[in-house]
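Have a look at the structure below before the remarks.
Positions are given from 1, in the same order as the sequence printed here.
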Amino acid sequence: MNASSSGQGPALKPVLNTLQLWGIAVGLVISGEYFGWSYGWASAGTLGFTVTALFIAAMYATFIFSFTELTTSIPHAGGPFAYSKRAFGPVGGYLAGAATLIEFVFAPPAISLAIGAYLNVQFPSIDPKLAALGAYVVFMTLNIVGVQIAATFELCVTLLAIFELLVFMGVVSPGFSLANFTKGGWSGSDSFSLAAVPGMFAAIPFAIWFFLAIEGVAMAAEEAKDPKRSIPIAYITGILTLVVLAIGVMLFAGGAGDWTKLSNINDPLPQAMKLIVGDNSNWLHMLVWLGLFGLVASFHGIILGYSRQIFALAREGYLPGYFARVHPRFKTPHRAIIAGGVVGIAAIYSDELVTLGGQTLTANIVTMSVFGAILMYILSMLSLFKLRRAEAGLARPFRAPLYPYFPAFALFGALVCMATMIYYNPLIFGVFLALLALGYAWFLATAHRRAESEATVGAASGH
């Protein structure tokens, strides 16, 4: 690939195979099995949250089957940005690109804080925020060194993370009790009533955290050797892997003892294991160390994702062209990698976010990331419907099954999620809108640059 798929600017090198793409798909998300989701128990209880999680799993499954059609039709590093721009023009491209950027830039700080929390379990003297900062430095460097090395590393840590989740289930299984899982499972009550429903809706962002960012494989599409074949395989096997793991982890953790002790912490799995094996078991030490692989897999993979999004937006003139440079030796978007890291580190140290809406810093960062994701899901499904009508002849190596029902259900689910999240998180939504508005002001102020760039490319290509 000697040119970008947009026909302008530097291009990325196609080197990734199917197994590496599966590793990225699962690795992007797998930290969601280790932490974040248990915050949903605080409002919904175990049984209420299970209902919420199953609904979200269905939304993600139908979304991925539909989204794969877009990814294989338009294999561009910008992913959703490229699909919405093609369907709805520059403004559509801006909204999808900005939403995806917010999702992928705000997810890593939450994961890095969890890395810090896990290390703090093993070494109480370590400052979790300092450990989070160290994680950024190490894994930004690894991403800069090369995508092939980064993807191989991602595959290895993802396999280790899956192994560790299976070990966790095996170790806690002797002490598993369904009675523990169901006790107070409907927002604190043992039996279902309509009073439990609000808590189930409030838990939506934490159910989304189980699957958030799997769509990031789209941003590696430009670097795939055979995107039309390998991306559908990676996506579909990836979502199936994650659904099975999510159900298993949630069930075994909740059945290990008093689940209320796990509902507002960043390290629910080690704490669940403590309920079974005690504080000093070798199993616990192994879980903490290997559990880091799950967090590292997602952290590392999402750095790959946000950097490609920044790179693609800069290449198209939606962000300063400074970020569209590729490293002369490593052929990676090094400036984009560093830029996203600076924003993430700033979020870690933005202590005023701790009290916003009365939630923890991690919960607020997760919620912000999810707002970006849901807006992107809505725009992507609308793009699918629009392109089916407007570009019926577009080559579609993979077509969404059960069209229009799968994308319609995914769109419905995303709209329900967005409405619910706005209702329960008005302050975070206000910050989200402010970020979009600031970006839109930049978008309007730089419109002339994009017009000049497109005119130059058109003249060079003879159009």
Do any N or O atoms from the side chain of Thr18 and from the backbone of Ser230 form a donor-acceptor pair under 3.5 angstrom?
-> no
Does some side-chain heavy atom of Thr367 sit less than 4.5 Å from a side-chain heavy atom of Phe432?
-> no
Is the backbone N or O of Ser31 less than 3.5 Å from a side-chain atom of Ser298, with the two atoms forming a donor-acceptor pair by type?
-> yes
Between atom CG of Leu435 and atom CE of Met368, what is the distance when rounded to the nearest 0.5 Å?
-> 5.5 Å
Residues Phe311, Phe323; criterion ring pair (Phe, Tyr, Trp, His ring centres under 6.0 Å); working and verdict = CA-CA 6 Å; Phe311 168 81; Phe323 300 115; over 10 Å; no
Quick one: does Ser187's side chain have a donor or acceptor within less than 3.5 Å of a partner on Gly45's backbone?
-> no
Please report the shortest heavy-atom distance between Ala256 and Ala272, naming the atom on each side.
-> CB-O, 3.8 Å
Check whether any side-chain heavy atom of Gln271 sits under 4.5 Å from a side-chain heavy atom of Lys261, and report yes or no.
-> no
Backbone N or O of Ile337 within a donor-acceptor pair of the Tyr306 side chain at under 3.5 Å?
-> yes
Do Trp186 and Val51 have side chains that get closer than 4.5 Å, going by heavy atoms?
-> yes
Are any of the side-chain heavy atoms of Trp41 and Leu262 separated by less than 4.5 Å?
-> yes
Spatial distance of atom CG (Leu70) from atom CD1 (Ile231) [nearest 0.5 Å] = 11.5 Å
Is there a donor-acceptor pair under 3.5 Å between the side chain of Asn143 and the backbone N or O of Phe139?
-> yes
Parallel, tilted or perpendicular, as decided by the 30° and 60° cut-offs, for the rings of Tyr440 and Tyr94 = tilted
4.5 Å side-chain heavy-atom contact, Val26 and Ile214 = no
For Glu223, which of Lys331, Gln20, Arg308 qualifies under side-chain hydrogen bond (donor to acceptor under 3.5 Å, both in side chains)?
-> Arg308
Arg335 side chain to Ala324 main-chain N or O, any donor-acceptor pair under 3.5 Å?
-> no
Ring center gap for Tyr83 and Phe67 short of 6.0 angstrom = yes
Would you say the side-chain atoms of Asn180 pair up with the backbone N or O of Asp258, donor to acceptor, closer than 3.5 Å?
-> no
Asp190 side chain to Gly184 main-chain N or O, any donor-acceptor pair under 3.5 Å?
-> yes
So Tyr377 and Glu215, side chain to side chain donor-acceptor pair (under 3.5 Å) or not? Walk me through it.
-> CA-CA 9 Å; Tyr377 299 161; Glu215 67 278 0; 3.0 Å; yes
Give the ring-plane orientation class for Phe211 versus Tyr60, where under 30° counts as parallel, over 60° as perpendicular and anything between as tilted.
-> tilted
CD1 on Ile310 to OG1 on Thr100, rounded to 0.5 Å = 12.0 Å
Tyr318-Phe443 aromatic ring centre distance below 6.0 Å | yes
List the atom of Ser112, the atom of Tyr136, and the distance in Å for their closest heavy-atom pair.
-> OG-CE1, 3.8 Å
Are the side chains of Ile24 and Leu16 in touch, meaning some heavy atoms are under 4.5 Å apart?
-> yes
Look up atom CD1 in Ile303 and atom CZ in Phe299, then write down how far apart they are to the nearest 0.5 Å.
-> 4.0 Å
Quick one: does Phe153's side chain get under 4.5 Å of His300's, heavy atoms only?
-> yes
Met250 to Phe181 - nearest heavy-atom pair and separation | O-CE1, 3.5 Å
Spacing of CD1 belonging to Ile149 relative to CD belonging to Glu154, to within rounding of 0.5 Å = 14.0 Å
Does atom CZ of Phe201 have more than 12 heavy-atom neighbours from other groups under 6.0 Å away?
-> no
His327 and His334 aromatic ring geometry - parallel, tilted or perpendicular at 30°/60° bounds = perpendicular
With ring centroids as reference points, do Trp37 and Phe206 lie under 6.0 angstrom apart?
-> no
Is the backbone of Leu304 close enough, under 3.5 Å, to the side chain of Ser307 for a donor and an acceptor to pair up by distance?
-> yes
Could you tell me how the ring of Phe371 sits relative to the ring of Phe429: parallel (under 30°), tilted (30 to 60°) or perpendicular (over 60°)?
-> tilted
Identify the two heavy atoms, one from Pro205 and one from Val370, that lie closest to each other, and give their separation to 0.1 Å.
-> O-CG2, 3.8 Å
Leu212 CG to Phe210 CZ distance, which is reported to the nearest 0.5 Å | 12.5 Å
Can you see which heavy atom on Ala312 is nearest to which on His76, and at what distance?
-> CB-CE1, 4.0 Å
Do Trp259 and Leu275 touch side chain to side chain, with heavy atoms closer than 4.5 Å?
-> no
State whether the side chain of Ser84 and the backbone N or O of Phe81 hold a donor-acceptor pair below 3.5 Å, judged by distance alone.
-> no
